[in-house]
Participant: 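The structure under discussion is supplied below as structure tokens; questions concerning it will follow.
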Amino acid sequence: MDFFQQKWMTWILIGILGIGAFAPLYAGDARFPQWLEVVLGGLMSGVLYSLVALGLVLIFKASGVFNFAQGAMVLFAALSLVRLMEFMPLAVALVVTMAIMVAVAWVIERLVLRPLVNQEGIVLFMATLGIAYFLDGLGQTIWGSDIYTLDVGMPKVPKILLENVFEGGILVGMEDVIAAILAATLVGLLALFFQKTSTGRALRAVADDHQAAQSIGIPLNRIWVIVWSVSGLVALVAGIIWGSKLGVQFSLQLVALKALPVVILGGFTSIPGAIVGGLIIGLGEKLSEVYLGPYLGGGIENWFAYVLALVFLLFRPEGLFGERHIDRV
Amino acid sequence: MKASNKLKAAAAALAVAGALGGAQTAYAQSDEIFVPVLVYRTGAYAPNGVPWANGFVDYLKLVNERDGGVNGTKIAFEECETGYATDRGVECYERLKSKKPVAVNPLSTGITFALTEKVAADKIALFTTGYGRSESADGSVFAWNFPLLGTYWSAADMLVQHVAKKGSLKGKKIALVYHDSPYGKEPIKVLEEHSKKHGFTFIKLPVTHPGVEQKATWLQIRQQRPDYVFLWGWGVMNSTSIKEAIAVSYPRLQMYGVWWSSAEPDVLPAEAAAKGYNGIALGHSNERDAPVHKDIAKHLYDKGKGTAGNKSEVGDVLYNRGMISAMLVVESIRNAQAKTKKKVVTGEDVRWGAENLNLPAARIKALGFADMVQPVKTACNDHEGVRRARIHTWDGNTWSYTSDWLEADSKFLKPLIAAQAKAYAAEKKITPRDCSKEK
């Protein structure tokens, strides 16, 4: 399989995706302004997928755990915030929700992770499955299962640009633009945190080897609480943006599942990978739904990401930006 | 006890308490009639499933509290959570079957498809009020199915009639944004037939479960600019559709939801921006002051026995739908009791009761549902009973009727129903009953 795992395979895959993206223009299926709208819409959706994927990458990078509960954390955080806002102003509710997410991280570390130190990755993964189900149920039990409107002042009305240039103009959702700016800011902050702070370096050391990190005095338990807390805060940001768009409700955590193919594409350990993976998936699924949907019967948006992830697993399992893993046997 | 052991013990106690306290269980005695309540109070469809379930359960409670049951026979019921998943729905049905239920309401077209053969073998009447498979209106083939008050084919037909009144549909475009499931696909056949008849272009846009990803769908709508959009969604898909319509500036005035896509959970998340959105109402809307509501307030909520968390939810569109669905089961039981002279009737008796249901306006008024339910009269060859509806429109705060009564065109639909039922009978090797010989 070495043939498939060469770096240039990545460029071939990206090239194929690029050709696919521009194909509708040459196949005569699309007029340029409409195609551009789909591209912009896809990129904006991709940014939102990246936001959830960031939480996944963060925990994987720092603890080697693939956190299946990230979607449930997004829902739990958003539900907590929106219900608390019924009793207090937004700023206070935000602080209280952050505290709740830190508390959740602490409880997870005490009850789930600590007893599982030095266990296989698959054991920790299974534990996060349990956390996901527990958080799902707990969130709905405490906060209810209705659709709650989350208004944090995001603009709902789209803007039509270049009306004089193209008939009908190009529609841009301002809510998506603001979400993209927020996501970019978050990525910048996380990159700084990982590269420039001692805690960030400690997190990376723990990810490499639990025992080795402990032997040089890195407190594993504290590190896990920190990383799950940061991941909880990323989940809160994702929850705010998704919740503002879709309303806060159970399906938020299903949308968050899209983060899985995103990290497969981008690489489990790469923050830029989460961003690029999200953009490719967002763009690909929207273009294929609009231009292939009429021929294939629609519904492509739902499975495109997973099929693409399968292709990447076959040809480049470490993802676009992931570190190649070589085991000495 | 160490701290970690204490925590474990507390968690175990909490789990046991939750399991015991959360379940709403009732065991049917020999002098009671058992009705299973298949619901979804959690998951992606809970916002719509919860009010229906509350309305259904509250009406059964009301009959027990106010009247001491149906002619003195109490109704026992038990909820089972399906999550709107067909496999879990079938599991619920199989689990509760041993309690000898007389009727089942699955609240899912997918589960209805899965149960259609089972109920005939188990002799349990399958009530699908306002949903289910449309061809099951033909009782000669579907003896155990009761899609009362209106099928999806009737709904699609009435919607086309309504928009056709605004001007000829020739050369126009109608898009159907539908839940990609048996439910969402139901109206396609009728809309295809209508597109041929009226000369409009019919655009099909499926949305996959649970329906939160619709950006591409609505970009297609922006590009193709249909004159009308019919929405056949459920749960969060509906509110997402309305939000995406806002995001691409598609006029809500040109949107029409089926009766499962036009309730409060569908429009409230979009708030004032949903203003002007229309839906076809299954005879009722969000009436709150009918005598039945007053009875429910008096006998249940004033005594702390109501099911909904908040009394203000009584009268919401889906709450009313649940209440009406329960009422039709209760009246079928009553009808069965009158025929058999038995207090505790069987599923077979209730099937007869549902097939010979006759609720004229006076009876509906006496039941407290005046202006919410149209007169219903079923027969062997008509398990639908009535096929009338109105359009209601969201004004930003509430629903209000904005059309006269519409009636589905039986002449147009009957041959379609008969052909589809015949094909089903041939596939399943069912010999259709001769309805002229049925009493």
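Convention: sequence-line order gives letters A, B, ...; per-chain numbering from 1.
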Participant: Give, as side chain, backbone, both or neither, the part of A/D136 having an atom under 4.5 angstrom from any heavy atom of chain B.
Facilitator: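 Answer is neither: A/D136 stays 4.5 Å or more from chain B.
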
Participant: Identify which part of B/K243 has an atom lying under 4.5 Å from any heavy atom of chain A, answering side chain, backbone, both or neither.
Facilitator: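 Side chain only.
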
Participant: Side chain, backbone, both or neither: which part of A/Q249 has a non-hydrogen atom closer than 4.5 Å to chain B?
Facilitator: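 Side chain of A/Q249 only, per the 4.5 Å heavy-atom cut-off to chain B.
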
Participant: For B/K172, look at atom NZ and say whether over 12 heavy atoms of other residues, nucleotides or ligands are found less than 6.0 Å away.
Facilitator: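 Atom NZ in B/K172 is crowded, with more than 12 foreign heavy atoms closer than 6.0 Å.
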
Participant: What residues of residues 200-214 of chain B sit under 4.5 Å from chain A when you count only heavy atoms?
Facilitator: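 B/P206, B/T208, B/H209, B/P210, B/V212, B/E213, B/Q214, listed by number.
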
Participant: Taking all non-hydrogen atoms of both residues into account, name the closest pair between A/Q140 and B/G43 and its distance.
Facilitator: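 The answer is OE1-N, 3.3 Å.
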
Participant: Under 4.5 Å heavy-atom distance to chain B, tell me which part of A/T149 shows up: side chain, backbone, both or neither.
Facilitator: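 Looking at A/T149, just its side chain touches chain B.
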
Participant: Going by heavy atoms in the side chains, are A/E37 and B/V248 under 4.5 Å from each other?
Facilitator: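 Contact flag for A/E37/B/V248 side chains = no.
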
Participant: Could you check which of A/V38, A/V290, A/D146 has the highest count of heavy-atom pairs closer than 4.5 Å to chain B?
Facilitator: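 Ranked by contacts with chain B, first place is A/V290.
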
Participant: Give a yes or no on this: more than 12 heavy atoms of other residues, nucleotides or ligands lie within 6.0 Å of atom CZ of A/R222.
Facilitator: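 Atom CZ in A/R222 is not packed in, count stays at 12 or less.
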
Participant: Could you report the tightest heavy-atom contact between A/G41 and B/K215, atom names first, then the distance?
Facilitator: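 Looking at all heavy atoms of both residues, the closest pair is O-CD, 3.5 Å.
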
Participant: Between B/A46, B/A273, B/A247, which has the largest tally of heavy atom pairs under 4.5 Å with chain A?
Facilitator: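 Among the listed options, the one with the most contacts to chain A is B/A247.
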
Participant: Need one label for A/L287: side chain, backbone, both or neither, based on atoms under 4.5 Å from any heavy atom in chain B.
Facilitator: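 Contact with chain B: none, neither part.
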
Participant: Is the number of heavy atoms from other residues, nucleotides or ligands within 6.0 Å of CZ (A/F68) greater than 12?
Facilitator: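 Counting other residues, nucleotides and ligands, CZ of A/F68 stays at 12 neighbours or fewer.
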
Participant: Should B/V236 and A/I147 count as side-chain neighbours, where that means a heavy-atom distance under 4.5 Å?
Facilitator: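 Touching, per the 4.5 Å side-chain cut-off.
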
Participant: Quick one: does B/Q220's side chain get under 4.5 Å of A/E289's, heavy atoms only?
Facilitator: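 With C-beta onward as the side chain, the pair touches.
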
Participant: Are more than 12 heavy atoms from other residues, nucleotides or ligands located less than 6.0 Å from atom OH of A/Y306?
Facilitator: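 Enclosed: over 12 neighbouring heavy atoms sit under 6.0 Å from OH of A/Y306.
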
Participant: Please round to the nearest 0.5 Å and tell me the distance separating atom OH of B/Y45 and atom OG of A/S251.
Facilitator: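 The OG atom of A/S251 is 7.0 Å from OH of B/Y45, to the nearest 0.5 Å.
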
Participant: Using non-hydrogen atoms and a 4.5 Å limit, figure out which bit of A/L254 sits close to chain B: side chain, backbone, both or neither.
Facilitator: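 Interface part for A/L254: side chain.
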
Participant: Answer with side chain, backbone, both or neither: which region of B/T42 has an atom nearer than 4.5 Å to a non-hydrogen atom of chain A?
Facilitator: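 Contact with chain A: backbone and side chain both.
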
